[in-house]
J.: 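Quick one: the structure is below, questions incoming.
Here, residue 1 is the first one in the sequence, and each next residue gets the next number.
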Amino acid sequence: KGGRAVEFGAGTGIISLLCAKRRKFDSICAVEVQPEYAELCRRNIEANGFEGHISVLCADVQALTQQAVGGQVDAVFANPPYIKQGTGVGNADRGKYIARHEVLGGAAEFSKAASRLLKHGGAFYVVYRPDRLDDLMLALRQNSLAPKRMTLVYGDAQHDACLVLVEAKKSGGAGIF
């Protein structure tokens, strides 16, 4: 509890809203590159009464600076785009396409930006696809983010994992616990 956090790719703002409701952080900066989603996020924050707790920044994660988010932060959380550009099923909705495909960056770019914003020992929480886990782990290590905890998420017992949740620490030592 406490501290400051940034959400990359906030979309509608649901994760920032849930964290604010549970008082996980003193303040949260929800970053969204798509103006229409940034505005939707802003409206959701206002509708839920968290204007003083969550701010919205319409910006590209790759261009973020510490100054843009008010200095170093304690945590960054993200669900980076996970489909390589030019692969997978397209989407008629351009906004959803950008959110899912690495058009404006993926795990490598999100990891680099997180490392740039985090305090020493700060946490980067990532939701990703298990079939891209090797790409995520490489991106984390290349950006001084040491994976510490990992959980596979299954829709049911009959299917393979559909998500992986990873917590990484900036400048952390080796070893997942």
J.: Taking only residues two or more places apart in sequence or in another chain, which ones pass ring-ring contact (aromatic ring centres under 6.0 Å, His included) with Phe124?
T.: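 By the ring-ring contact (aromatic ring centres under 6.0 Å, His included) rule, Phe124 matches no residue at all.
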
J.: Restricting to side chain to side chain contact (heavy atoms under 4.5 Å, CB included), what partner residues turn up for Asp160, sequence neighbours left out?
T.: none

J.: Using side chain to side chain contact (heavy atoms under 4.5 Å, CB included) as the criterion, list what pairs up with Arg149, not counting sequence neighbours.
T.: Glu167

J.: Under 4.5 Å between any side-chain heavy atoms of Phe77 and Ile28, yes or no?
T.: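 Result yes, sub-4.5 Å side-chain heavy-atom pair found.
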
J.: For the backbone of Gln62 and the side chain of Asp60, can you confirm whether one donor and one acceptor N or O come within less than 3.5 Å of each other?
T.: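 Answer holds: yes.
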
J.: Strictly distance-based, threshold 3.5 Å: is any side-chain N or O of Glu32 a donor or acceptor partner for the main-chain N or O of Gln34?
T.: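 Present.
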
J.: Could you tell me whether the side chain of Ser111 and the main chain of Ala107 form a donor-acceptor pair under 3.5 Å?
T.: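 Answer holds: yes.
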
J.: Hey, is the main chain of Leu118 close enough, under 3.5 Å, to the side chain of Lys170 for a donor-acceptor pair?
T.: yes

J.: For residues Asp74 and Gly3, report the shortest heavy-atom separation together with the two atoms involved.
T.: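 Of all heavy-atom pairs spanning Asp74 and Gly3, the closest is OD2-CA, 3.0 Å.
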
J.: For a quick test of reading the model, state the closest non-hydrogen atom pair linking Met150 to Leu133 and the distance between them.
T.: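 Closest approach of Met150 to Leu133, heavy atoms only: SD-CD2, 3.7 Å.
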
J.: Enumerate donor-acceptor pairs with a distance under 3.5 Å from any side-chain N or O in residues 49-57 to protein atoms, sequence neighbours excluded.
T.:
from  : atom 1 : to    : atom 2 : distance (Å)
His53 : ND1    : Asp26 : O      : 3.0
His53 : NE2    : Phe25 : O      : 2.8

J.: Minimum heavy-atom separation for Val127 to Pro80, with atom names?
T.: O-CD, 3.4 Å

J.: Checking Asp156 side chain against His159 main chain: does a donor-acceptor pair fall under 3.5 Å?
T.: yes

J.: Should we say atom NZ of Lys112 is surrounded by more than 12 heavy atoms from elsewhere, each under 6.0 Å from it?
T.: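 Not buried by this count: 12 neighbours or fewer within 6.0 Å.
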
J.: What residues form a side chain to side chain contact (heavy atoms under 4.5 Å, CB included) with Gln142, not counting sequence neighbours?
T.: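 With sequence neighbours excluded, Gln142 shows a side chain to side chain contact (heavy atoms under 4.5 Å, CB included) to Leu138, given in chain and number order.
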
J.: Between Ala123 and Lys169, what is the shortest heavy-atom contact and its length?
T.: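 Smallest interatomic distance, heavy atoms only, reads CB-NZ, 3.9 Å.
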
J.: Below 3.5 Å, can you tabulate the donor-acceptor pairs from side chains in residues 5-20 to any protein atom, sequence neighbours excluded?
T.:
from : atom 1 : to    : atom 2 : distance (Å)
Glu7 : OE1    : Ser16 : N      : 3.2
Glu7 : OE1    : Ser16 : OG     : 2.5

J.: Mind listing the closest non-hydrogen atom pair of Ala59 and Val31 along with its distance?
T.: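 For Ala59 versus Val31, the nearest heavy atoms are O-CG1, 3.5 Å.
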
J.: Testing the basics here: between Arg4 and Val69, what is the closest heavy-atom pair and its distance to 0.1 Å?
T.: NH1-O, 3.0 Å

J.: For Tyr37, is there any backbone N or O sitting under 3.5 Å from a side-chain donor or acceptor partner on Arg42?
T.: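 The answer is no, because no donor-acceptor pair under 3.5 Å joins these two groups.
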
